[in-house]
Each structure stands twice: as structure tokens, then as C-alpha cells.
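The structure that follows is given in the form of C-alpha cells.
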2 protein chains.
Amino acid sequence: MRLSKKSVYALRALTCLGASTASEVVSIHAIARQERIPKKFLEQVLLALKKAGIVQSSRGKGGGYALRVAPAQVTLGDIIRAIDGPLAPLPCASAVSPVKCPGCLDVESCWLRGVMTEVGAEVSAVLDHITLADLCRRAALSQRRSPHVLMYEI
Amino acid sequence: MRLSKKSVYALRALTCLGASTASEVVSIHAIARQERIPKKFLEQVLLALKKAGIVQSSRGKGGGYALRVAPAQVTLGDIIRAIDGPLAPLPCASAVSPVKCPGCLDVESCWLRGVMTEVGAEVSAVLDHITLADLCRRAALSQRRSPHVLMYEI
DNA sequence: TTATTGTCTACCAATTAAATAGGAATTATG
DNA sequence: CATAATTCCTATTTAATTGGTAGACAATAA
């Protein structure tokens with residue numbers, strides 16, 4: 001149930017883009033520096049987000065990335081799915097792209113898949129009602145307070 | 001967001017125990033054979049479940065495992081937590097045992113932790129309202145139909 | 001034409017998950 | 001008591017995944 005580092009990077013990069021106006025582009029370099037993310041790794045993250053239709057890019061000098069849709073239109077679920085794949089607890093229980101998992105051939109696995117499909121749907125529902133706009137709002141709020149205070153907040 | 005093989009084994013082993021009466025014990029060997037789980041691996045799984053207070057064991061000849069609590073008293077959440085650890089999407093966002101994760105020192109991580117703590121709580125809520133009794137019921141149902149039919153059911 | 005930027009693919013390193021191994025401790029039973 | 005069956009515990013090995021790096025290539029603005 002753990003979020004990969006990759007998708008955390010994606011979330012941070014996207015709030016970074018969400019903070020800019022829609023028209024202006026931000027370079028990989030700038031995002032990497034600001035968010036302290038390994039540049040070449042971030043490259044792959046953004047490429048995946050582009051493939052998922054969440055961001056758009058322009059190349060060449062002065063190029064960079066921008067959101068392709070409004071922050072309120074992108075959900076946490078969209079982002080995590082784009083990076084980490086289906087949210088289903090089991091490969092075979094994915095609504096998007098169900099894949100027969102090993103050990104899924106016999107009867108026992110079948111009822112498990114049933115339960116897990118439902119669990120996956122509920123998890124998706126949770127993640128799909130939190131939008132990038134929400135994240136940006138929270139990020140902006142915490143930006144305003146002192147880092148030191150936040151660091152030790154429970 | 002994927003379930004480990006280990007916890008799938010745990011779920012299957014437990015439904016196996018749930019199917020037996022509370023008083024009778026089932027040996028690792030029997031469970032492993034019935035559920036086609038590597039015996040030595042299952043050993044570790046059951047040990048973890050025991051440490052979590054979900055099952056009890058008796059050693060020596062004629063020994064084995066049995067549930068320590070009623071199937072309706074154990075939740076999916078309990079089981080998965082016992083095997084895979086906290087359900088939180090981020091180590092730092094665990095209600096049970098929050099651990100400072102690398103990159104969690106600066107301001108950006110803090111708002112992420114906030115969101116993820118909430119997400120984790122909701123996921124927990126989902127998993128904690130499904131009980132082992134529910135799983136056993138489903139397992140019993142699918143047992144009654146033909147394996148072949150189930151195999152290709154969507 | 002050149003500097004800057006994204007695109008793509010392959011690769012390597014580190015970590016984690018899955019499985020295996022083997023001996024110690026415990027207990028029922030002949 | 002001796003033995004076989006069983007859990008307990010820890011270490012090791014193997015496989016898979018994740019995290020990160022590298023470098024050649026393509027596009028574009030100036």
C-alpha cells in the first residue's frame with residue numbers, strides 16, 4: 001500500500017506546475033532544482049505524466065512543461081495510476097487492465113479477486129476525489145508557515 | 001498499493017483455519033498442501049500472524065494452528081497490517097508507527113504527509129470493515145461452484 | 001549554427017520480496 | 001526413554017522491483 005518515490009516526485013512536480021500560470025512552461029531543470037529531485041529521474045516521471053495526458057511539453061530553448069488540464073480536473077488517483085499503474089490490490093483485480101496473476105488459476109483466488117476488486121474500487125474512490133488543486137492549496141498553505149514549526153508538527 | 005504475496009498467503013491460510021472449528025488445529029503441512037503455498041514460507045507467515053495475536057499454535061506431535069479470535073473479530077486490515085506493516089501510503093504518514101522518511105524533512109513533504117495520513121485513514125476504514133468471516137463466507141460460496149466456470153468468469 | 005531543451009532507450013545499483021535451509025525446542029505416543 | 005511429528009527461529013539465497021544514471025537523438029529559439 002506504499003506510494004513509490006516516483007509518484008511522490010510526480011505529485012511534487014505537479015504542484016510545482018500547478019503553482020505557475022497555465023500558459024507559462026517550467027523546465028525539468030527548474031523543477032528538479034526547486035523540488036530537489038534527481039533531474040534525469042524526473043525526466044522519466046514527466047514523460048509518463050505526458051503520456052497519461054496530464055501535462056504537455058514544448059521542446060527546444062525556452063521549452064518546458066505545463067499542465068494540460070486544470071488542477072481541479074486532475075485527481076490523485078489519475079496521477080498515481082499514471083506512475084505506479086493500477087490501484088488494485090491484486091493485478092487480477094484491476095478494473096482498468098486486469099492481468100491474470102500467478103496462483104490466480106484456482107478457485108481460492110477467485111473469491112479473493114472478488115473482494116479485492118471491491119477494495120480497489122473503494123481506494124480509487126478515495127483517491128479520485130482529491131484533486132491536484134487540493135494539493136496545491138495545501139502546499140501553498142504550508143509554504144506560508146515556518147519550515148521549522150512544520151518539521152516537528154505531529 | 002499492491003498486496004504482497006505473503007499477505008495473500010496469510011488470507012488463504014486464515015480462511016482455511018476459519019473453515020475448521022475453533023477447537024481443532026491444522027498443521028502447517030496441511031495448510032500448505034491444501035492451499036499450494038511453499039511450506040517453509042507459510043511457516044513465517046503463520047509465525048507473524050501468531051505474533052500479531054491472530055492465531056495460536058500448539059507444538060509437538062498433533063500440533064498445529066487455530067484462530068485465536070472469532071473470524072468476525074479479525075479484519076482484513078488487521079491481517080494485512082500484521083504481514084505487510086502499516087497501511088499508510090507513506091512511512092511518515094502512519095498512525096500506528098510514524099517513521100520519518102528521507103525527503104520528509106523539508107516543507108514540501110509536510111503537506112503531502114497531511115494528505116496521505118487522511119488517505120491512509122480512509123483505506124484503513126475500508127479494510128477494517130471487511131472481516132475474516134466475510135472472506136470465509138465468500139470462499140465457501142465459490143467452493144460450491146465448478147472451478148472451471150470460475151476460472152474464466154469476468 | 002549553436003545552445004537549450006525535451007525524448008527515448010538502455011543500463012546499473014540498491015532495496016525489497018520470495019523462497020529455501022537447517023537446526024533447536026516441544027510434545028504425544030509406543 | 002526413544003522417536004516421530006510438529007512448531008520456532010534465524011540465516012542465507014534468489015528473484016523482482018525500484019531508484020537512479022548515461023548518452024545519443026530530435027526539436028526549436030535566437
Side-chain angles (χ1 to χ4, degrees), chain A residues 1-13 17 24-33 35-52 54-68 80 82-86 89-91 99 101-103, chain B residues 1-13 17 24-33 35-52 54-68 80 82-86 89-91 99 101-103:
Chain A
M1 298 281 156
R2 274 301 196 292
L3 228 51
S4 71
K5 228 162 176 177
K6 209 168 173 178
S7 51
V8 172
Y9 288 159
L11 294 176
R12 299 207 301 193
L17 294 184
E24 73 179 330
V25 301
V26 187
S27 73
I28 292 180
H29 181 79
I31 302 174
R33 189 165 37 83
E35 299 290 333
R36 290 181 202 75
I37 301 172
K39 187 177 165 185
K40 293 298 277 183
F41 196 40
L42 178 58
E43 210 177 284
Q44 299 176 48
V45 172
L46 288 168
L47 227 39
L49 291 175
K50 185 186 178 184
K51 214 171 294 179
I54 295 173
V55 299
Q56 57 194 354
S57 64
S58 57
R59 321 218 292 189
K61 198 169 184 177
Y65 281 91
L67 291 177
R68 208 175 75 96
I80 295 173
I83 302 295
D84 288 342
L90 293 177
V99 173
C101 38
Chain B
M1 297 280 156
R2 273 302 197 292
L3 227 51
S4 72
K5 227 162 176 178
K6 209 168 173 179
S7 52
V8 171
Y9 288 160
L11 294 175
R12 299 206 301 194
L17 294 184
E24 75 179 327
V25 301
V26 187
S27 73
I28 291 180
H29 181 80
I31 302 174
R33 189 165 37 82
E35 299 289 334
R36 291 178 202 75
I37 300 173
K39 187 177 163 184
K40 293 298 275 184
F41 196 39
L42 178 58
E43 212 176 286
Q44 300 177 48
V45 172
L46 287 168
L47 227 38
L49 291 175
K50 186 186 177 185
K51 214 170 295 180
I54 295 172
V55 300
Q56 57 193 352
S57 64
S58 57
R59 320 220 291 190
K61 198 170 185 176
Y65 281 89
L67 291 179
R68 208 175 74 96
I80 296 174
I83 301 294
D84 287 343
L90 293 177
V99 173
C101 39

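Excluded from the calculations below are hydrogen atoms, water molecules and symmetry mates; all remaining heavy atoms, backbone and side chain alike, are included. Each chain gets a letter, A, B and so on, in the order its sequence line appears, and its residues count up from 1. For clarity, every value in this text was computed on a predicted model and none was experimentally measured.
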| task | State the CZ-NZ distance between A/Phe41 and A/Lys5, to the nearest 0.5 angstrom. | result | 8.5 Å
| Side-chain N or O of B/Lys5 closer than 4.0 Å to phosphate OP1/OP2 of C/dA19 |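 Result: yes.
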Under-3.5 Å N/O pairs linking protein and nucleotides 22-24 of chain D:
| unit_1 | atom_1 | unit_2 | atom_2 | d |
| --- | --- | --- | --- | --- |
| D/dG23 | O6 | A/Lys40 | NZ | 2.4 |

| request: Could you tell me whether a side-chain N or O of B/Ser7 sits under 3.5 Å from a main-chain N or O of B/Ala10, the two making a donor and an acceptor? | output: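 Answer holds: no.
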| message | In dot-bracket form, 5' to 3', how is DNA chain D paired? Count Watson-Crick and G-U wobble pairs only if both distances fall under 3.5 Å, and write | where the partner sits on another strand. | response | ||||||||||||||||||||||||||||||
| note | In whole angstroms, the gap separating C1' of C/dG6 from CG of A/Leu46 amounts to 10 Å
| said: So, OP1 or OP2 of D/dT17: does either fall under 4.0 Å of a side-chain N or O from A/Lys6? | reply: no
| task | Using atom CZ of B/Arg2 as one end and atom P of C/dA17 as the other, report the distance to the nearest whole Å. | result |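 Spelled out: CZ on B/Arg2 to P on C/dA17 is 14 Å.
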| message | Assess the residue pair B/Val55 and B/Arg68 against the criterion (side-chain contact (heavy atoms from CB on, under 4.5 Å)); give the C-alpha distance rounded to whole Å, side-chain angles, the decisive distance to 0.1 Å, and a yes or no. | response | CA-CA 5 Å; B/Val55 300; B/Arg68 208 175 74 96; 5.5 Å; no
| query | Among C/dA19, C/dT7, D/dT6, which is the nearest nucleotide to the side chain of B/Tyr9? | reply |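 When the side chain of B/Tyr9 is considered, C/dA19 is the closest of C/dA19, C/dT7, D/dT6.
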Using nucleotides 27-30 of chain C, report all nitrogen or oxygen pairs with the protein that are shorter than 3.5 Å.
| unit_1 | atom_1 | unit_2 | atom_2 | d |
| --- | --- | --- | --- | --- |
| C/dT27 | O2 | B/Lys61 | N | 3.3 |

| request: Return the minimal non-hydrogen interatomic distance between A/Ile83 and A/Ser4, and the atom names on each side. | output: CG2-OG, 4.5 Å
| Nearest non-hydrogen partners of B/Leu42 and B/Ala13, listed with the distance |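 Nearest pair, atom of B/Leu42 first, then B/Ala13: CD1-CB, 4.0 Å.
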| query | Looking at CG of A/Asp84 and CZ of B/Arg2, how far apart are the two atoms once the value is rounded to the nearest 0.5 Å? | reply | 9.5 Å
| request: Decide yes or no on side-chain contact (heavy atoms from CB on, under 4.5 Å) for B/Leu46 and B/Tyr65, but give the supporting numbers first. | output: CA-CA 8 Å; B/Leu46 287 168; B/Tyr65 281 89; 3.6 Å; yes
| request: Could you check how far CD of B/Glu24 sits from P of D/dT6, rounded to whole Å? | output: 14 Å
| Interatomic distance where NZ belongs to B/Lys50 and C1' belongs to D/dT6 [whole Å] | 12 Å
| request: Using atom types as modelled and distance alone, determine if a side-chain donor or acceptor of A/Arg12 lies under 3.5 Å from a backbone N or O of A/Glu35. | output: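 The answer is yes, because a donor-acceptor pair under 3.5 Å joins these two groups.
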| message | Any base atoms under 4.0 Å from A/Ile28, or only sugar-phosphate, or nothing? Heavy atoms, all strands. | response |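 It contacts sugar-phosphate atoms only.
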| field | Whole angstrom value for the distance that separates C1' of C/dT5 from CD1 of A/Ile31 | value | 12 Å
| query | Within this structure, what is the CG-to-P distance between B/Leu42 and D/dC9, rounded to whole angstrom? | reply |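 Taking CG of B/Leu42 and P of D/dC9, I get 16 Å after rounding.
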| query | Given A/Ile37 and A/Val45, is the side-chain contact (heavy atoms from CB on, under 4.5 Å) satisfied, shown in steps? | reply | CA-CA 10 Å; A/Ile37 301 172; A/Val45 172; over 6 Å; no
| query | A/Tyr65 has an atom OH; how far is it from atom P of C/dT4, in whole Å? | reply |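 Atom-to-atom, A/Tyr65 to C/dT4, this comes out as 19 Å.
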| message | To check you understand the geometry: which heavy-atom pair defines the closest contact between A/Gln56 and A/Leu67, and what is its length? | response |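 Answer, listing the atom of A/Gln56 first, then A/Leu67: NE2-O, 3.4 Å.
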| request: Check the pair A/Leu17 / A/Val25 against side-chain contact (heavy atoms from CB on, under 4.5 Å), numbers first and verdict last. | output: CA-CA 8 Å; A/Leu17 294 184; A/Val25 301; over 6 Å; no
| request: Write down the atom of A/Ala82, the atom of A/Ala48, and the distance for their closest heavy-atom approach. | output: O-CB, 4.3 Å
| query | Rounded to whole angstrom units, what separation is found between the CG atom of A/Leu47 and the P atom of D/dC25? | reply | 18 Å
| field | Closest-nucleotide 5' rank along DNA chain C - winner of A/His29 and B/Phe41 | value | A/His29
